[in-house]
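Position 1 is the first residue of the sequence, and the numbers go up from there.
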Amino acid sequence: MTVTYLMLARLPEGGLDAFDAYENAVLPLLAEYGGCLERRLRTLDNQVEAHLITFPNGEDLAAYRADPRRSAAAPLLESSGASVELLAMRDVQ
């Protein structure tokens, strides 16, 4: 069963460049774990970024999050000062 996640990152002033560098390092890894970035949005003031991401299952997300290349890029995320929230989502009809 495909699972959908919403990632919200709140960025402080001056954190955008490091956050973008982190994203450039980790987003290409999604496909290796069956993940797909469905949508990437950012507020006009560059303070919040949202990703709508799908994975085949929760285990694939866990494997992506445990990837050593992602861990190696973590200092970029930390230096950005971003506050990140990951929410499992479902369709509402």
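- The nearest pair of heavy atoms linking Pro12 to Ala82 is CD-N, 4.0 Å.
- Considering all non-hydrogen atoms of both residues, Tyr33 and Phe55 come closest at O-CD2, 3.7 Å.
- A distance of 9.0 Å separates CZ of Arg70 from CG of Leu30, quoted to the nearest 0.5 Å.
- Under the side chain to side chain donor-acceptor pair (under 3.5 Å) criterion, no residue pair touches residues 74-93, with sequence neighbours excluded.
- A salt bridge does not link Glu23 to Arg42: none of the charged nitrogens lies less than 4.0 Å from a carboxylate oxygen.
- Residues passing the side chain to side chain contact (heavy atoms under 4.5 Å, CB included) test with Leu76, sequence neighbours excluded: Ala21, Tyr22.
- Under a hydrophobic clustering in which Ile, Leu, Val, Met, Phe, Trp and Tyr are joined whenever their side-chain heavy atoms come within less than 4.5 Å, directly or via other members, Leu37 and Val48 fall into different clusters.
- The shortest side-chain heavy-atom distance between Leu27 and Arg40 falls under the 4.5 Å cut-off.
- The heavy-atom pair separating Ser71 from Ala66 by the smallest distance is OG-O, 4.5 Å.
- The distance from atom CD of Glu38 to atom CG of Leu52, rounded to the nearest 0.5 Å, is 6.0 Å.
- Contact annotation: the side chain of Leu61 approaches that of Leu86 to within less than 4.5 Å [non-hydrogen atoms, C-beta and beyond].
- One hydrophobic cluster, built from ILVMFWY side chains closer than 4.5 Å, holds both Met7 and Val3.
- Residue Arg69 qualifies as enclosed at atom CZ: its count of foreign heavy atoms under 6.0 Å is above 12.
- For the atom pair CD of Glu13 and CG of Asn46, the computed distance is 9.0 Å after rounding to the nearest 0.5 Å.
- Residues Ala72 and Pro75 approach most closely at O-CD, 3.3 Å, considering heavy atoms.
- The line from CG of Leu11 to CG of Asp20 is 8.5 Å long, rounded to the nearest 0.5 Å.
- In the hydrophobic clustering of this structure, Val84 groups with Tyr5; members are Ile, Leu, Val, Met, Phe, Trp, Tyr whose side-chain heavy atoms approach within less than 4.5 Å, directly or through other members.
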